[in-house]
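Shown next, in structure tokens, is the structure this report addresses.
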Amino acid sequence: MGDKLKGRNAVVTGAGRGIGKAVAVALAEEGANVVACDLGVAVDGSGTDQSPASETVAECKKHGVKAIAQFGNVASFSDAEAAVKACVDNFGRIDILCNIAGIDKPKMIWNMSEGEWDQVIAVHLKGTFNFMRQAAPLMREQKYGRIINCTSEAWLGGVTHLNYGAAKGGIVTLTWGAAQELGPSGITVNAICPRAKTRMTDDPKVREMVVKRVEKGLMDPSVLKRMDREMVDPSGFAKVVAFLASDDAALINGQVFLTTALTVARYSKPETVAQVENPSEGPWTLEAIKSAFSADKLLKGYVNPAPPKPEEKK
Amino acid sequence: MADRLKGRNAVVTGAGSGIGKAVALALAAEGANIVVCDLGGGVDGKGASTSLADATVDECKKLGVQAVPQYGSVADFKAAEAMIQACVSNFGRIDILVNVAGIDRARMIWNLSEEDWDVVIAVHLKGTFNTIRHAAPLMREQKYGRIINTISEAFVGTVGHVNYGAAKGGITSLTYAVAWELGRYGVTCNAICPRAATRMTMGPDVLAGYKKRVESGLWTKEKYDEVTHVATADYLAAIPAYLATDKAGHINGCIFGAAGAFFSYWAPSKETAIYNRDWDTYGKWTIDEVEKCVPNLLKGYVNPAPPEEKEKK
């Protein structure tokens, strides 16, 4: 289709299905050779299956590029090494790395098991580190690289899967930090917060809930309309990732983008928006701190995300 | 000294030295009973000793409260359970949890070993999850709780220890989510970015590095003085102590900068520039279209680390 990435070689994790597959195909459409990595697990990380990665390889090849599959686990440091090495051995070097692989094991904090925490952190956060760690020295050496990580709006809060949110928050900071460390060497590191219809997000119950709220007048109908337009195949926005992987995006570094079929948005970094100086020479006193709040200085514009429901017990 | 936390019981991790110790003493000074958790290891997480935790216990007791030590590793799920259990079995219940324990293993990403990644993530991120996981059901049941986590300004990206930064970014998101999940039950969860002179930030190695920068002309003497003029942790300890009081019940899911000299509120990331499109008409995004919307999207953006030389192709 295009040739923006002709001669480039990419490693894409989670490339067997969903967003990873859409990204792999979008890169291939622009001429990049692709290492399609996928363990072939269910959304909760269970099982293995080689067919998703193999199917993505076949689809990439249709666009006239080279493609190979890797069936390892991103959470394994040595599997990540093998996948990056496969890119170098088969295609000559690695130019592009897209970390999309992820799983979800939702539970409220008071019900979450140690295993549910560990596995989600391992796949998302360590998986992303593993691939970056393997690719970074090579990209530094060649003074060229494009790294695109996958985070989520869950990074900013939410309920029922704080393991997932914490992993995504870790990935955002890893993105910001690696962008600073690798930028001088001609490498960019950015992240996307995607919205799309995938195995993980395609939950009819969510839509039903929104429909009910709209019917009751609790929610604006535009919310549902927007949701229907965004909950479409991730190929709807995959070219945004292809752009970030291209030479044209050389000066875009350390940014987080919301990406949907409908919208691209850029996130600000957290920033201090209110500050109070210690009125005394000595340590802060509780009185001084209290007055910082009572004057509504520090919390101007702050909204409690979950105020106490019943009367708070003492 | 005062009684704003009289009758409250707190678990403080990393309480053997630095910020953790200062916070434990600030809570004790307001009347809270303290479980002092510290493995007694070095800044890099190596070694163990009971003397650090024991010393904090003694100092807390001098303030007239009850205090018990815990010597386990916060990275161990069972040891974290024991810390929370120690609070309940010794003092009756747990009202306050302050997660301060942390280590640092600084390397650039291309030199960072798997172990250095794993250990730092385990102590900070999993350690914070571990204690919250064990405290949450109890606080939810009693419909009261104050959780204060420790992050760092490194959560907005840091050079030289992406493991540390990523852990702190993870804790930030964990803080937001716990605030959402537990807020309705009268439990608050906030985090502080402390700036204080501790063995991690102002130890001999760090100071030696700063001095080298002055000697090599990278820093002026004034810059050195400015960077090293940081108050000790006891100067800021009243800030987490305040967040642990009844008065702070309406403050939930916030990140605060905390130092002897200042106190600040960090707004979370938000969408700052948006490009909307009519996909019914235009179909899938194309690269040309993406390229076209980039200038507007990047208004105000500054590349944090532009290429040193012209990028090789």
Side-chain angles (χ1 to χ4, degrees), chain A residues 4 77 108-110 114 117 129 136-137 143-144 155-157 159 162 165-166 169-170 172-174 176-181 183-184 186 236-237 239-240 243 250 253-254 261-270 272-278 283-284 286 289 298 304-306 308-309 312-313, chain B residues 77 108-110 114 117 129 136-137 140 143-144 155-159 162 165-166 169-170 172-174 176-177 179-181 183-184 186 234-235 238 242 252-253 257 261-276 279 284-287 290 297 303-305 307-308 311-312:
Chain A
K4 288 260 186 204
F77 198 66
M108 297 300 269
I109 175 82
W110 54 87
E114 184 182 14
W117 170 271
F129 165 71
K143 296 217 184 308
Y144 186 91
W155 141 62
L156 294 170
V159 296
L162 47 70
V172 170
T173 304
L174 179 59
W176 286 330
Q180 290 184 54
E181 292 193 0
F237 71 76
K239 279 291 161 70
V240 178
F243 177 80
N253 189 26
L262 201 58
T263 296
V264 177
R266 183 166 70 91
Y267 278 95
S268 65
K269 282 179 101 164
T272 49
V273 290
Q275 182 159 325
V276 177
E277 308 298 322
N278 187 348
W284 276 100
L286 286 176
I289 294 165
L298 278 184
N304 189 337
K309 201 185 169 196
E312 191 181 62
K313 279 189 196 161
Chain B
F77 197 64
M108 295 301 266
I109 187 164
W110 53 88
E114 182 182 15
W117 172 271
F129 165 73
R140 184 171 172 253
K143 298 219 187 311
Y144 185 90
F155 92 104
V156 297
T158 181
V159 171
V162 291
T172 305
S173 296
L174 180 60
Y176 292 146
W180 284 47
E181 291 193 2
R184 58 190 305 197
D234 53 319
Y235 276 72
Y242 178 79
N252 189 26
F262 67 85
F263 180 18
S264 62
Y265 169 69
W266 285 80
S269 294
K270 57 179 191 291
E271 296 168 17
T272 50
I274 302 175
Y275 180 92
N276 284 308
W279 65 271
K284 293 176 187 177
W285 281 96
T286 64
I287 289 209
V290 175
L297 215 52
N303 189 335
E308 265 172 352
E311 199 179 27
K312 283 191 191 154

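None of the values given here were measured: they were computed from a predicted structure. Heavy atoms only: backbone and side chains are in, while hydrogens, waters and symmetry mates are out. Note on naming: letters A, B, ... go to the chains in the order of the sequence lines (proteins, then strands), and numbering restarts at 1 for each one.
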- Item | side-chain contact (heavy atoms from CB on, under 4.5 Å) assessment of A:Tyr267 paired with A:Trp155 | CA-CA 12 Å; A:Tyr267 278 95; A:Trp155 141 62; 3.9 Å; yes

- Quick check: does any side chain N or O of A:Arg266 sit under 3.5 Å from a backbone N or O of B:Ala273, one acting as donor and the other as acceptor? no

- Using a cut-off of under 4.5 Å for heavy-atom pairs, which of B:Thr172, B:Ile274, B:Ile109 has the most such pairs with chain A? B:Ile109

- Query: Picking from B:Gly257, B:Ala166, B:Ala177, B:Gly165, which has the most non-hydrogen pairs under 4.5 angstrom with chain A?
  - Reply: B:Ala166

- Query: Can you tell if the side chain of A:Val276 reaches within under 4.5 Å of the side chain of B:Tyr265, non-hydrogen atoms only?
  - Reply: no

- Count the heavy-atom pairs under 4.5 Å between each of A:Ile109, A:Val240, A:Leu162, A:Leu174 and chain B, then report the option with the highest count. A:Ile109

- Query: Taking the side chain as C-beta and beyond, is there a heavy-atom pair between B:Trp266 and B:Val156 under 4.5 Å?
  - Reply: yes

- Could you look at B:Thr286 and say if it's the side chain, the backbone, both or neither that has a heavy atom under 4.5 Å from chain A? backbone

- Task: Could you check which of B:Asn252, B:Asn303, B:Val290, B:Asp234 has the highest count of heavy-atom pairs closer than 4.5 Å to chain A?
- Result: B:Asn252

- Query: Among B:Pro137, B:Ala267, B:Ala179, who wins on heavy-atom pairs under 4.5 Å with chain A?
  - Reply: B:Ala267

- Do A:Pro270 and B:Ser269 come within less than 4.5 Å of each other through their side chains, counting heavy atoms only? yes

- What residue, out of A:Gly254, A:Gly236, A:Pro137, has the most heavy-atom pairs lying under 4.5 Å from chain B? A:Gly236

- Among B:Tyr176, B:Phe155, B:Trp117, which has the most heavy-atom pairs under 4.5 Å with chain A? B:Trp117

- Query: What do the steps show when you test A:Phe243 against A:Val264 for side-chain contact (heavy atoms from CB on, under 4.5 Å), and what is the final call?
  - Reply: CA-CA 12 Å; A:Phe243 177 80; A:Val264 177; over 6 Å; no

- Message: So which residue, B:Met108, B:Lys270, B:Glu181, ends up with the most heavy-atom pairs under 4.5 Å with chain A?
- Response: B:Glu181

- Message: Using heavy-atom distances under 4.5 Å, tell me whether A:Lys4 contacts chain B through its side chain, its backbone, both, or neither.
- Response: side chain

- Query: Are side-chain heavy atoms of A:Leu262 and A:Phe237 found at a separation under 4.5 Å?
  - Reply: no

